[in-house]
2 protein chains.
Amino acid sequence: MQPHKRVIDAGIGGHDGTETMVKRTSFEGDACPIARSLEAIGDWWSLLIIREALFGLRRFGEFQSKLGMAKNILAVRLRALVDHGILATAPASDGSAYSEYVLTPKGRGAFPILVALRQWSEEFDDHPEEIATILVDRAKGRPVKKLEMRAEDGRLLTPADTMLKPRPAPRRRSD
Amino acid sequence: MQPHKRVIDAGIGGHDGTETMVKRTSFEGDACPIARSLEAIGDWWSLLIIREALFGLRRFGEFQSKLGMAKNILAVRLRALVDHGILATAPASDGSAYSEYVLTPKGRGAFPILVALRQWSEEFDDHPEEIATILVDRAKGRPVKKLEMRAEDGRLLTPADTMLKPRPAPRRRSD
DNA sequence: GCAACGTAGTTTCATTATGCAACCATTGGA
DNA sequence: TCCAATGGTTGCATAATGAAACTACGTTGC
C-alpha cells in the first residue's frame, strides 16, 4: 500500500550519495490497481487528452488548440501516454508525412473512467448549470444511464456490498 | 472547452501590473464535466484519500500512515476535499476531542470512479500479477461485474454509440 | 529550386506544487 | 504535573508546470 519513491540519483560523479534527491511520489509498482491507474493517467491533462482522442482528435496541433495547453507539456504527456501504451503514433492518415496519435485498445478502455467522472460531476457538482453538454445515446438522443455496479449474477451492489479480497495466486500448469 | 487560468496577482503594491503571474491551469468554471471533476479530485492523492475513506479511515493519522504521504500535503488535500464538499469534519466519534474526516454523499458518489480506475488496471495493466487485490461481491465472494454503459432502455452502448449534446436550457417557471 | 509558411516539437526561464524534516499546539494518560 | 501521541504548520530543497522564444522539418507557391 505504501507508495514508494522515485529516486532520481543519476550517479554521475563519485560523490558519497548522502544527497537523497527523493521527490515526487510514484505509484509505479504499487499493489493497488487504483494507484496504478493514477500512475498512468492521474494527472491534470492525460484524461482530457484521452477524452479528445475518443472524439477523434489525432494531431498534435489539434490537441494543443482544443485543450489550450502549453506545447511542451503536451509533448511530455503524449510521450508518456505512448510509453504507457494508451496512445500509439501512426505514420500518417491524410497522406501527409506527419504522424498522428491514435488510441490503443487500452486507451479506448478508459472510456468508463471518463463516463464515471462525467456522471459524478452531473450528479454532485455545485453549479450543474455551468455544464455545457450531456452524454446521450446516439440512437435515441436520450441521456446514458448511470453506471451501476453489479454482481456476476446481476444484483445491484452498493459500496457496502463489496469487499477486497487478496488476488488468488496465479494458476500454474501441472501443479 | 478552453480551460482558463488562475491569476494569483495579489495586488499588494502599486506596481503597474505588467507582470502576468499566470500559473497552474485551473478547470474551475470549465464547461466540461470531466474537467470539473478533475478540478476537484484530479490530483495524485485525492482519489486515494477517498478510497481509504470508503474503507473506513477517518483520522488524520490513519490517512497519513496508510498512504505514507507527507503531512503538509495531506493537510492541504483534506482541506480542499472539505472545501469541495467531498469530506466533512465530524466533531468526534470515539469520545475523544479530536475531529474526523468523513465522506459526504458526494464523496461516496465517487465510488464508481474508483471502480472504473480499478477495472481499467485489472484489464489493461502490463503487470497484472502485481495487483494485490480484487473487488468482490461480499455475498458471493465473486468478482464484481465490469461496469457497462447502457441506454435508458437497457441497450449496451459502446463509445461510438454515444454522442454529446448541448445541455438543454434550464426550465424556468411560467415562461 | 527556393522562399514563405505551417506543423511539431525543444529550450529557457519563471513560478507553483510537492516532499521531507523540524517545529509547535492540544489532547490524553499516568 | 509531566510526558507522549495527535494533528497539524513552517522552512527549505527539488520537481513539475506554463508562457514564450526558438528550432527543425514538411508543404506550398512561384
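Computed from heavy atoms alone, side chains included, the values below leave out hydrogens, waters and symmetry copies. To find a chain, count down the sequence lines: A is the first, B the second, and so on, and within it residues start at 1. Just so it is clear, the model here is predicted, and its values are computed rather than measured.
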Quiz item: Along nucleotides 4-13 of chain C, 5' to 3', which nucleotides get a B, which get an S, and which get a -, given that the test is a protein heavy-atom distance under 4.0 Å?
Solution: --BSBBBBB-
Quiz item: Do His127(A) and Arg36(B) pass the side-chain contact (heavy atoms from CB on, under 4.5 Å) test, and can you show the C-alpha distance, the side-chain angles, and the key distance before you say yes or no?
Solution: CA-CA 10 Å; His127(A) 296 284; Arg36(B) 296 171 77 87; 3.6 Å; yes
Quiz item: Would you say the side chains of Ser99(B) and Arg59(B) form a donor-acceptor pair under 3.5 Å?
Solution: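 No, Arg59(B) and Ser99(B) have no side-chain donor paired with an acceptor closer than 3.5 Å.
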[X] [atom1] - [N] [atom2] separation (whole Å):
| X | N | atom1 | atom2 | value |
| --- | --- | --- | --- | --- |
| Ile73(A) | dT15(C) | CD1 | P | 16 Å |
| Trp45(B) | dC20(C) | CH2 | C1' | 13 Å |
| Glu100(A) | dG26(D) | CD | P | 16 Å |
| Ile49(A) | dT17(D) | CD1 | P | 11 Å |
| Met69(A) | dA20(D) | CE | P | 15 Å |
| Asp43(A) | dG18(D) | CG | P | 10 Å |

Quiz item: If you take all heavy atoms of Ala53(B) and Leu87(B), which pair is closest and at what distance?
Solution: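 So the two residues come closest at CB-CD2, 4.4 Å.
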Quiz item: Salt bridge or not for Glu122(A) and Arg118(A), using N-O below 4.0 Å?
Solution: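 Between Arg118(A) and Glu122(A) there is a salt bridge, with a charged N closer than 4.0 Å to a carboxylate O.
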Self-check item: Sidechain N-carboxylate O distance under 4.0 Å for Glu148(A), Arg150(A)
Solution: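 Yes, this pair counts.
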Self-check item: Short side-chain N/O contact to dA16(D) OP1/OP2 from Trp44(A), under 4.0 Å
Solution: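 Negative; the distance criterion is not met.
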Quiz item: Can you name the side-chain hydrogen bond (donor to acceptor under 3.5 Å, both in side chains) partners of Ser46(B), sequence neighbours left out?
Solution: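 Per chain and number, Ser46(B) pairs via side-chain hydrogen bond (donor to acceptor under 3.5 Å, both in side chains) with Asp43(B).
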